2 protein chains.
Amino acid sequence: MRSIIIGFGLLILCLLILFQIGEVNFIKGNVKLEVIVAIVAFIFFFVGLYFNYQSQKKAAAEKLSSNQFTDENQIDYDQLKRTGLTQREHEVLIKMAKGLSNQEIANELYLSESTIKTHVSNILFKLDAKRRTQAIQAAKQLKIVP
Amino acid sequence: MRSIIIGFGLLILCLLILFQIGEVNFIKGNVKLEVIVAIVAFIFFFVGLYFNYQSQKKAAAEKLSSNQFTDENQIDYDQLKRTGLTQREHEVLIKMAKGLSNQEIANELYLSESTIKTHVSNILFKLDAKRRTQAIQAAKQLKIVP
DNA sequence: AGGTATTTCATACTTTAGTATGACAACGAC
DNA sequence: GTCGTTGTCATACTAAAGTATGAAATACCT
């Protein structure tokens, strides 16, 4: 925004100086006022276009770069430690977040459903959640699941 | 783009007509050429800014609706249409994804739990999911929930 | 006006999720 | 060797989720 104002100011200044120097030529010459005005309007219209385009491009680039560094699908191990979840519980949590049922998790990990239920209960307690869906939501915010 | 050219053309035309009418006044008056030029430059600079801003806004809206660069926390309405979910179902889905229970969703929407169950069943069918956790996962991938 | 989709609700039912409790084995720390 | 942690499993129970079916009101479209 500052660059827009500075650039605009400089252009105006240049134009005014140019007119101060060549005032007599312009007025005494055959160039009509309308033409001058039209040319100035034309130039500044596109200057305006250009400046706005530049500022938009810059804003878009900043947005992109700020999104680039927050890498998705990356587990935040500091946050994970903070929750007090064990390895097995974390493993179960990840499968839970995939949308698997307790029975399906048990099958994938070659465990009984009872064991999964125990793990899930512990997960809910450690993540301060009442339901698995709430735990999943919390886990995503903590970035401890992909 | 067409509107930009038409708008610009009309403004130029208006200005020229104005000058044609009041030419004598301007030249014979005390108003200096520099001031006129500066004003014209100023006006057209911001006209340019405005037109570019409008066109960028339009382009951004088109991009959004055509499913190109939808950033996070932004709902992809094309995907949403494709699922066949109704407004109410989508509303319920969003609350579901927040980790709310059926009863809690019912309370927030001033509905009975039965209604929510019906909605959830329909959501599961339309998203081809067996459980709500699976539906949430699918919905996140489709970017139809924040 | 009549058909269609949406939204709402209910009842009855099955399945899954979650709690509470206890138990046992393995592993590492002190 | 004892203690705490982790991981495993079971039983019994309660709570929530999900299915199936029917029904009625509203709204929208032609």
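First the proteins, then the strands, lettered A, B, ... as listed; each starts at 1. The shown structure was predicted, so the numbers you read here are calculated from the model rather than taken from an experiment.
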Of A:Glu89 and B:Val120, whose closest DNA chain D nucleotide lies nearer the 5' terminus?
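Its nearest nucleotide lies further toward 5', so the answer is A:Glu89.
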Please compare A:His119 and A:Ser114 by the position of their nearest nucleotide in DNA chain D and report the one closer to 5'.
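Whichever sits nearer the 5' end wins; that is A:His119.
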Between [N] atom [atom2] and [X] atom [atom1], what is the distance in whole Å?
X        : N      : atom1 : atom2 : answer
B:Ile123 : C:dT7  : CD1   : P     : 11 Å
B:Glu113 : C:dA12 : CD    : C1'   : 14 Å
A:Glu104 : C:dT15 : CD    : C1'   : 13 Å
A:Tyr110 : D:dG7  : OH    : C1'   : 18 Å
B:Leu93  : C:dT6  : CG    : P     : 16 Å
B:Lys130 : D:dA16 : NZ    : P     : 25 Å
A:Arg132 : D:dA15 : CZ    : P     : 19 Å
A:Gln103 : D:dC9  : CD    : P     : 12 Å

B:Gln134 vs B:Arg131 side-chain heavy atoms within contact, under 4.5 Å
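B:Gln134 reaches B:Arg131 side chain to side chain.
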Considering every strand and a 4.0 Å limit on heavy-atom distances, what is the contact class for A:Thr115: base, sugar-phosphate, or nothing?
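A:Thr115: base contact, heavy atoms under 4.0 Å.
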Base, sugar-phosphate or nothing for A:Thr86? Non-hydrogen atoms, less than 4.0 Å.
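Sugar-phosphate contact only - A:Thr86 comes under 4.0 Å of backbone atoms but never of a base.
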As a quick check of understanding, evaluate side chain to side chain donor-acceptor pair (under 3.5 Å) for B:Thr118 and B:Ser121, giving each step before the final call.
CA-CA 5 Å; B:Thr118 307; B:Ser121 265; over 6 Å; no
Using a cut-off of less than 4.0 Å, is there contact between a side-chain N or O of B:Asn102 and OP1 or OP2 of D:dA16?
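Indeed not, no polar side-chain atom of B:Asn102 lies that close.
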Hey, does the side chain of B:Arg131 come within less than 4.0 Å of D:dA17's phosphate (OP1/OP2), counting only N and O?
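No, outside the criterion.
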Which listed nucleotide ([options]) is nearest to the side chain of [X]?
X        : options                : answer
B:Ser121 : C:dG18, C:dT16, D:dT19 : D:dT19
B:Ser101 : D:dA16, D:dG18, C:dA17 : D:dA16
B:Lys117 : C:dA17, D:dG18, D:dT8  : D:dG18
B:Ser112 : D:dA17, C:dT8, C:dA10  : C:dA10
A:Thr118 : D:dT8, D:dT19, C:dC9   : D:dT8

Return the set of residues passing salt bridge (Lys or Arg N to Asp or Glu O under 4.0 Å) with B:Arg88 (not counting sequence neighbours), or none when no residue passes.
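Residues passing salt bridge (Lys or Arg N to Asp or Glu O under 4.0 Å) with B:Arg88: B:Glu91.
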If every non-hydrogen atom of B:Ala135 is compared with every non-hydrogen atom of B:Ala129, which pair is closest and at what distance?
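What the structure gives for the nearest pair is N-CB, 3.6 Å.
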Backbone N or O of A:Glu104 within a donor-acceptor pair of the A:Glu108 side chain at under 3.5 Å?
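No: the side chain of A:Glu108 does not pair with the backbone of A:Glu104.
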Residue closer to the 5' end of DNA chain C, A:Leu124 versus B:Leu111 (nearest nucleotide)
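Closest to the 5' end, via its nearest nucleotide, is B:Leu111.
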